[in-house]
Each structure stands twice: as C-alpha cells, then as structure tokens.
Amino acid sequence: MNEYDRQPNPGTGLRGPRYARRNQINPTADAAEDGRWVAADESGWDGDQLHGAPRSRYLSVGSVAISDADAESIVEEIRKATRLQAPELKFSGAFAGSKNGTRRPILSSLLAPGGALHGRASVYLIDKHYFVVAKLIDLFVEEKLYKQGRDIRGSGQARKMARSLFTEGPRALGAPLFDRLLASTVAFTSQKNRDQRVTPDDFFDVIEQAWTRSHRRNVTDTLALLRTTRQEATEYVRDAFEPHGTLPQALEPLIPTVRAVTEIWSRKLVPHQAAFASSGRRLIVGQRATSGGRGNGTVVASTRVGCLGVQSA
C-alpha cells in the first residue's frame, strides 16, 4: 500500500481512493433523480474471523426501503407509543427480552399487511460456517478447474460441492475434524495470516487428514479435488498477502452480502434505478460480479456497516 492509499478518505475515515463514493451526508429523500433509498445495518460481523468462540455463527444484514424523510414520522410514532426517548431506538435495548414484551407488537404492526413497513423490510442471513466451506471450493477447486476450461460456478457444480461438504462433512469426518477443517481454512486464508505463519503445508496437512478419514463418497470426492490444489493455494498466498496483491479480503462475508442485498432491492424496487444509503458516516460501493475466475467482481466494504451507498443505473 503506497502513502496515498494510507490517507483516510475525508468524511469516512476509510483508507484509499476507492473506499467512498457518492457520500450522502444530508438526510435522504426519495426523488426521481436519486431513485429509492434503502437503509441497512449489520449484526454479527467479525470481519473474516468466521470461526471459533466467542464469535456469532451468523451474519445478518437488515434493510428497510425508506428514506430519512419518510422514516421520521414512523420513528416519532414509535416513540409516542413506547415512550422511548433514547437518541437511537435499538432493538436489543428497547424491544428484546421479557420486560419489553408489550413493545414488540408495535413493531409487528408496522411490518404486518397494511403497516407502514409492510413489504419494505428484509433480513439477509449468512451461516459463516457454510461461507467458509463455500470459500474452500471457490478459492481452490473452482480456480483449478477454471484453468482447465471448466465453469463449475455457472453449471451449479460448485454450489453442489459446497452443500454436500457442509451437510455431510461432520458425519463423514467426525465433528472435531470437520471443525478443524473450518478453523484451518480461516487461519490460512484470513488477513490475520498476512505474516504467513500458517503455510500451505499446514493447511494441506488438515485436508489430507480429512480426506483419509472421510467415509462418505461426496465428501471424499470433494476433498480429493482439494488435495490437488496446492498450486492454487500458493498462488492465493501471493494474491492475498503480498504487496499489490489482487485478492484482498477474500474471506470477508460482508462483501458478497452487500452485493446480494443491493441486487435484491434493485430488482424489487425500481429495476433500472435504485440508491442505497443511511447516515453517511460510512459508505459501501458495489459492482456486479462477473462469472469465472477468482476475484472477478467486488464490493468494497467499510469496517463498520453504518450505511449502504450504492446507485445502479
């Protein structure tokens, strides 16, 4: 990273010239020139540390298709009904738990048919352990087969491999070894391994043990393919960790999650124009992914999801 890339972006604090675009500092309002606004926030985000206590196993991104202008009256309505005066109405403090049971129907009524938020709210959920398994296929097996001219992503075979390894793996390997496979994948591929303390040899020792232990055909076949991807693993170290690498943050789940949420709302609202934003403190910019090859198509994510700020033409 050069000295220019180390300078924080004005207004966001994020580093590098590409981390912030179309900042929305002022309150949002739906308009023809801006499209529709979608506010979003995350829960359970631990960066690329996707395995091990005390981290949450799930990442969720909640989003609401509403502008600040429209939200103001709804928030005021909630305040009056609940007598809450806190600057921010957080569910965990104001609505969760048995003592707040009388307040939850107020939120439910907003989401119910005829409510102000009916059809305008969504929760996108990721199982981090499945995400790790899918990345095993994506970063190594898919990359190897793509070099051979095989598109296992487009054919659906990559997803089939990931699902069978995830669902059958604990039984095929035993829960402790399957857990170790997840842990070693995170240890090898995450940004904490920039110093490369976890080597390809360390990583493949676990894959070898898993392949030897497996007694279910689908799992064994997938692990057999993984055993042949040592070259791809070495290339991954170069692409992910060396200066000017082309594949940073490969294990960051927020990146594809934001892209997916963006695409869902783009299709649901106005097909040709949709904007995503919130408070303006953080900004995330999305690009549509292209098929084939590792690292094609990215979404640059902030370290905290304070908002989304994406506009698709």
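Only this structure's heavy atoms are used, side chains among them; waters, hydrogens and symmetry mates stay out.
Heavy atoms of other residues, nucleotides or ligands lying less than 6.0 angstrom from CZ of Arg230 number more than 12. The 12-atom threshold is exceeded at CZ of Arg57, counting heavy atoms of other residues, nucleotides or ligands nearer than 6.0 Å. Counting non-hydrogen atoms of other residues, nucleotides and ligands closer than 6.0 Å to CD of Glu72 gives a total of 12 or fewer. More than 12 non-hydrogen atoms from other residues, nucleotides or ligands lie less than 6.0 angstrom from CZ of Arg79. The neighbour count for Lys90 NZ, taken as heavy atoms of other residues, nucleotides or ligands under 6.0 Å away, does not exceed 12.
Minimum heavy-atom separation, Ala65 to Arg36: O-NH2, 4.1 Å. Contact detail for Leu247 and Leu139: the closest heavy-atom pair is CD2-CD2, 4.2 Å. Closest approach of Pro170 to Leu165, counting heavy atoms only: CD-O, 4.3 Å. Residues Gly169 and Val219 come closest through the heavy atom pair N-CG2, 4.0 Å. The shortest non-hydrogen separation linking Phe204 to Ala233 is CE1-CB, 3.4 Å. Closest heavy-atom contact between Thr228 and Leu225: OG1-O, 2.6 Å.
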Worksheet item: side-chain contact (heavy atoms from CB on, under 4.5 Å) between Val38 and Val64: does it pass, once the steps are laid out?
Response: CA-CA 5 Å; Val38 175; Val64 184; over 6 Å; no

Practice prompt. Mind running side-chain contact (heavy atoms from CB on, under 4.5 Å) on Glu142 and Glu232 for me, showing each step along the way?
Written response: CA-CA 10 Å; Glu142 184 182 348; Glu232 285 68 37; over 6 Å; no

Worksheet item: How far apart are the C-alpha atoms of Phe140 and Phe203, what are their side-chain angles, what is the distance that settles it, and do they pass the ring-ring contact (aromatic ring centres under 6.0 Å, His included) test?
Response: CA-CA 12 Å; Phe140 306 117; Phe203 179 51; 5.5 Å; yes

Worksheet item: Hey, mind stepping through Trp265 and Ser63 against side-chain hydrogen bond (donor to acceptor under 3.5 Å, both in side chains) and telling me if it holds?
Response: CA-CA 9 Å; Trp265 280 113; Ser63 54; 2.7 Å; yes

Practice prompt. Evaluate the side-chain hydrogen bond (donor to acceptor under 3.5 Å, both in side chains) criterion for residues Asp202 and Thr199: first the C-alpha distance (whole Å), next the side-chain angles of each, then the deciding distance (0.1 Å), finally the verdict.
Written response: CA-CA 5 Å; Asp202 298 328; Thr199 67; 3.1 Å; yes

Worksheet item: What's the verdict on side-chain contact (heavy atoms from CB on, under 4.5 Å) for Phe166 and Asp127, showing C-alpha distance, side-chain angles and the deciding distance?
Response: CA-CA 11 Å; Phe166 177 70; Asp127 184 325; 3.7 Å; yes

Fill in: Criterion side-chain contact (heavy atoms from CB on, under 4.5 Å) on Phe91 and Leu107, from CA distance to verdict
CA-CA 10 Å; Phe91 183 86; Leu107 295 183; 3.8 Å; yes

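When hydrophobic clusters are built by joining Ile, Leu, Val, Met, Phe, Trp and Tyr residues whose side-chain heavy atoms come closer than 4.5 Å, directly or via intermediates, Leu254 is not grouped with Leu125. Hydrophobic clustering (side-chain heavy atoms under 4.5 Å, transitive across Ile, Leu, Val, Met, Phe, Trp, Tyr) keeps Tyr58 apart from Phe131. A continuous path of Ile, Leu, Val, Met, Phe, Trp and Tyr side chains, each step under 4.5 Å between heavy atoms, connects Phe95 with Val75, placing both in one hydrophobic cluster.
Here the side chain of Lys268 pairs a donor or acceptor atom with the backbone of Gly119 at under 3.5 angstrom. In this structure, the side chain of Asp48 engages the main chain of Gln191 through a donor-acceptor pair within 3.5 Å. Side chain of Arg103 to main chain of Ala94: a donor-acceptor pair is present (N/O by atom type, distance under 3.5 Å, no hydrogens or angles). Ser214 contributes no side-chain N or O that, together with a main-chain N or O of Ala210, makes up a donor-acceptor pair within less than 3.5 Å. In this structure, Arg120 contributes its side chain and Ala116 its backbone to a donor-acceptor pair below 3.5 Å. A donor-acceptor distance shorter than 3.5 angstrom exists from the side chain of Asn193 to the backbone of Arg197, with no hydrogens or angles considered.
You'll find the side chain of Leu173 reaches within 4.5 Å of the side chain of Leu223, heavy atoms only. The shortest distance between side-chain heavy atoms of Val141 and Met161 falls below 4.5 Å. Looking only at side-chain heavy atoms (C-beta outward), Arg150 and Gln157 come within less than 4.5 Å of each other. Residues Thr220 and His215 fail the side-chain proximity criterion, which asks for heavy atoms closer than 4.5 Å. Side-chain contact between Leu50 and Arg55: absent, with no pair of heavy atoms (C-beta onward) separated by less than 4.5 Å. Side-chain atoms of Ile66 and Ile74, non-hydrogen and from C-beta on, do get closer than 4.5 Å to each other. Looking at Val61 and Val258, their side chains never come closer than 4.5 Å, going by heavy atoms from C-beta outward.
Here the OH atom belonging to Tyr236 is positioned 4.5 Å from the OG1 atom belonging to Thr189, to the nearest 0.5 angstrom. Tyr124 OH to Ser60 OG: the interatomic distance, rounded to the nearest 0.5 Å, is 12.0 Å. Atom CG of residue Leu251 and atom NZ of residue Lys128 lie 11.0 Å apart, to the nearest 0.5 angstrom. A distance of 13.5 Å separates CH2 in Trp45 from CD1 in Ile126, rounded to the nearest 0.5 Å. The CZ atom of Arg153 lies 10.5 Å from the CZ atom of Arg159; values are rounded to the nearest 0.5 Å. Leu84 contributes atom CG, which lies 14.0 Å from atom NZ of Lys80 (distance to the nearest 0.5 angstrom).
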Using atom types as modelled, flag every donor-acceptor pair under 3.5 Å from a side chain in residues 179-188 to any protein atom, sequence neighbours excluded.
| unit_1 | atom_1 | unit_2 | atom_2 | d |
| --- | --- | --- | --- | --- |
| Asp179 | OD1 | His51 | NE2 | 2.7 |
| Arg180 | NH1 | Gln209 | OE1 | 2.8 |
| Ser184 | OG | Arg180 | O | 3.2 |
| Ser184 | OG | Leu181 | O | 3.0 |
| Thr185 | OG1 | Leu181 | O | 2.8 |

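Salt bridge Glu168/Arg163: absent, no basic N to carboxylate O contact under 4.0 Å. Salt bridge annotation for Lys135-Glu252: absent, with no cationic side-chain nitrogen under 4.0 angstrom from a carboxylate oxygen.
Counting only N and O atoms by type, the side chains of Glu143 and Thr229 include no donor and acceptor under 3.5 Å apart. No side-chain donor-acceptor contact under 3.5 Å links Thr28 and Ser67.
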